[in-house]
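Convention: sequence-line order gives letters A, B, ...; per-chain numbering from 1.
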Protein chains: 2
Amino acid sequence: MTTEATKLKQARDEFVSQWGALGTQWGINRTMAQIHALLMTAPQPMTTDEVMEDLEISRGNAHTNLKELVAWGLIRVVVKKGERREFFEAEKDVWQIFTIVARERKRREIEPALAILHKYAEESREIDSTEGKAFHEQMRQLEEFVGFASKMADRVSSLKYGFAVQLATKLLG
Amino acid sequence: MTTEATKLKQARDEFVSQWGALGTQWGINRTMAQIHALLMTAPQPMTTDEVMEDLEISRGNAHTNLKELVAWGLIRVVVKKGERREFFEAEKDVWQIFTIVARERKRREIEPALAILHKYAEESREIDSTEGKAFHEQMRQLEEFVGFASKMADRVSSLKYGFAVQLATKLLG
DNA sequence: CACTGTTTTCAGTTAATTCTGAAAAATCGA
DNA sequence: TCGATTTTTCAGAATTAACTGAAAACAGTG
């Protein structure tokens, strides 16, 4: 192998490993982040067995996390002619990745929060005491803000990348 | 106790408990989220002992998470005249809470990611092979995007709430 | 300085999450 | 339908994260 090829392989390996460690911070498990990094930097779609071998993980682990990534929409199943096995390839477009992650985070983090805030804002609506009013007001303000943020996330996600950049640059640059 | 007071107490307890469960999704531990919810809805600053009792947790746990919340800036230490104990009170302003959480997430999630992307974009800069160029390009695009997002987060966080709403509404409403 | 109340630390325990590996189920060609 | 290959499931093992409780350190008070 050439020096260049070795260098690339090593850089890629390190990237995959470090991206995996980062995943923990992001609240997604290490393996999932590693597989994502691996496929994002793979020149070709990969099979479950190749992923297992590259990351030295079990079949069950590889399988579960590949399917989870497919569910997120961060990777796709690719079928090749004359091949029974499934191949996986990552979405590589950064804006696409961003909107997918944003959508998923909204679903898992924002929406449940909103539901809780709404529930307790409602339940405390009629309480007359000073403390009751304060509680209600706090719930209401949080609900209003989170609802607003949620809507903004939708709007931004639905923009085309170029337009989002243009907009942001014009306004805040 | 009046019916209203019972109702409020129950609503608040439930809110604290459910907010804690949500915390897990957000990548912060349950206790920390519970304490935050408790203090956000507390009519008065609370002591460590009161927090321990309310949530039925150990002194060590209460202490660690109170200090962590102080480090984030989501709660403050309050000293009362003639009292040796520390009291804690939460920041209740939603925009303040948002900017604090945004800053912390940026520090813990965005910046390390940016550092990694930058490192491997640099390391692969000179690799001439097709695969090397593709790897470099992927790193570069991710770095560019994450860097851009990071800057935007700063800009938005530094706005006054009213101005942020006005801006967002005008552009995307 | 000695006493009391309060905060901080941390070794050991418990709980939660993730991973393995093997078995079961599904898929496909002949 | 059978056999070979591939995917899926899941009970138990391993790992990681969170929590307890008690002891040590610290900070005021007389």
(message) Suppose we screen for ring pair (Phe, Tyr, Trp, His ring centres under 6.0 Å). Which residues come up paired with A:F148, at least two apart in sequence or across chains?
(response) none
Show me, pair by pair, the donor-acceptor contacts under 3.5 angstrom made by side chains of residues 65-77 of chain A, not counting sequence neighbours?
from	atom 1	to	atom 2	distance (Å)
A:N65	OD1	A:N29	ND2	3.2
A:N65	ND2	A:N61	O	3.0
A:N65	ND2	A:N61	OD1	2.7
A:K67	NZ	A:E86	OE1	3.3
A:E68	OE2	A:W72	NE1	3.4
A:R76	NE	A:E89	OE2	3.3
A:R76	NH1	A:E91	OE1	3.0

Specify the separation, in whole Å, of atom [atom1] of [X] and atom [atom2] of [N].
X: B:E50; N: C:dT6; atom1: CD; atom2: C1'; result: 14 Å
X: B:M52; N: D:dT20; atom1: CE; atom2: P; result: 9 Å
X: A:I57; N: D:dA14; atom1: CD1; atom2: C1'; result: 15 Å
X: A:I35; N: C:dC19; atom1: CD1; atom2: C1'; result: 12 Å

(message) Looking at B:K7 and A:E126, is there a salt bridge between them, counting it only when a charged N and a carboxylate O are closer than 4.0 Å?
(response) no
(request) State plainly whether the residues A:E137 and A:R140 are in salt-bridge range, i.e. N to O under 4.0 Å. (result) yes
(message) Between A:T41 (side chain only) and A:A37 (backbone N and O only), is there a donor and an acceptor less than 3.5 Å apart?
(response) yes
Looking at [atom1] of [X] and [atom2] of [Y], how far apart are the two atoms once the value is rounded to the nearest 0.5 Å?
X: A:L8; Y: A:T3; atom1: CG; atom2: OG1; value: 12.5 Å
X: A:M40; Y: A:R12; atom1: CE; atom2: CZ; value: 10.5 Å
X: B:T99; Y: B:Y161; atom1: OG1; atom2: OH; value: 12.0 Å

(message) Reading DNA chain D from 5' onward, which residue's closest nucleotide shows up sooner: B:S58 or A:T48?
(response) A:T48
(request) Using heavy atoms and a sub-4.0 Å distance, could you list which residues of residues 20-32 of chain A are near DNA chain C? By number, please. (result) A:N29, A:R30, A:T31
(message) Below 4.0 angstrom, which residues in residues 60-83 of chain B have at least one non-hydrogen atom near DNA chain C?
(response) B:G60, B:H63, B:K67
(message) Below 4.0 angstrom, which residues in residues 103-113 of chain B have at least one non-hydrogen atom near DNA chain D?
(response) none
(message) Can you give me the dot-bracket string for DNA chain C, 5' to 3', counting Watson-Crick and G-U wobble pairs with both distances under 3.5 Å, using [ ] for crossing pairs and | for partners on another strand?
(response) ||||||||||||||||||||||||||||||
(request) Can you sort out the partners of A:K92 under side-chain contact (heavy atoms from CB on, under 4.5 Å), two or more places apart, ordered by chain and number? (result) B:Q138
(request) Verify the neighbour count for atom CD of A:E104: are there more than 12 heavy atoms of other residues, nucleotides or ligands below 6.0 Å? (result) yes
(message) Among residues at least two apart in sequence or on other chains, which ones pass salt bridge (Lys or Arg N to Asp or Glu O under 4.0 Å) with B:R108?
(response) none
(request) Go through the structure and list residues passing salt bridge (Lys or Arg N to Asp or Glu O under 4.0 Å) with B:K151, not counting sequence neighbours. (result) none
Identify the pairs formed between an N or O of the protein and an N or O of nucleotides 23-30 of chain D at a distance under 3.5 Å, and give each distance.
from	atom 1	to	atom 2	distance (Å)
D:dA27	N3	B:R84	NH2	3.1

(request) Write out all pairs satisfying side-chain hydrogen bond (donor to acceptor under 3.5 Å, both in side chains) with one or both partners inside residues 44-53 of chain A, taking only residues at least two apart or from two chains. (result) A:D49-A:R59
Taking distance alone, no hydrogens or angles, what donor-acceptor pairs closer than 3.5 Å link side-chain atoms of residues 17-28 of chain B to residues at least two apart or in another chain?
from	atom 1	to	atom 2	distance (Å)
B:Q18	NE2	A:Y120	OH	2.8
B:T24	OG1	B:A21	O	3.3
B:W26	NE1	A:E109	O	3.4

(request) Check whether any side-chain heavy atom of B:R125 sits under 4.5 Å from a side-chain heavy atom of B:E122, and report yes or no. (result) yes
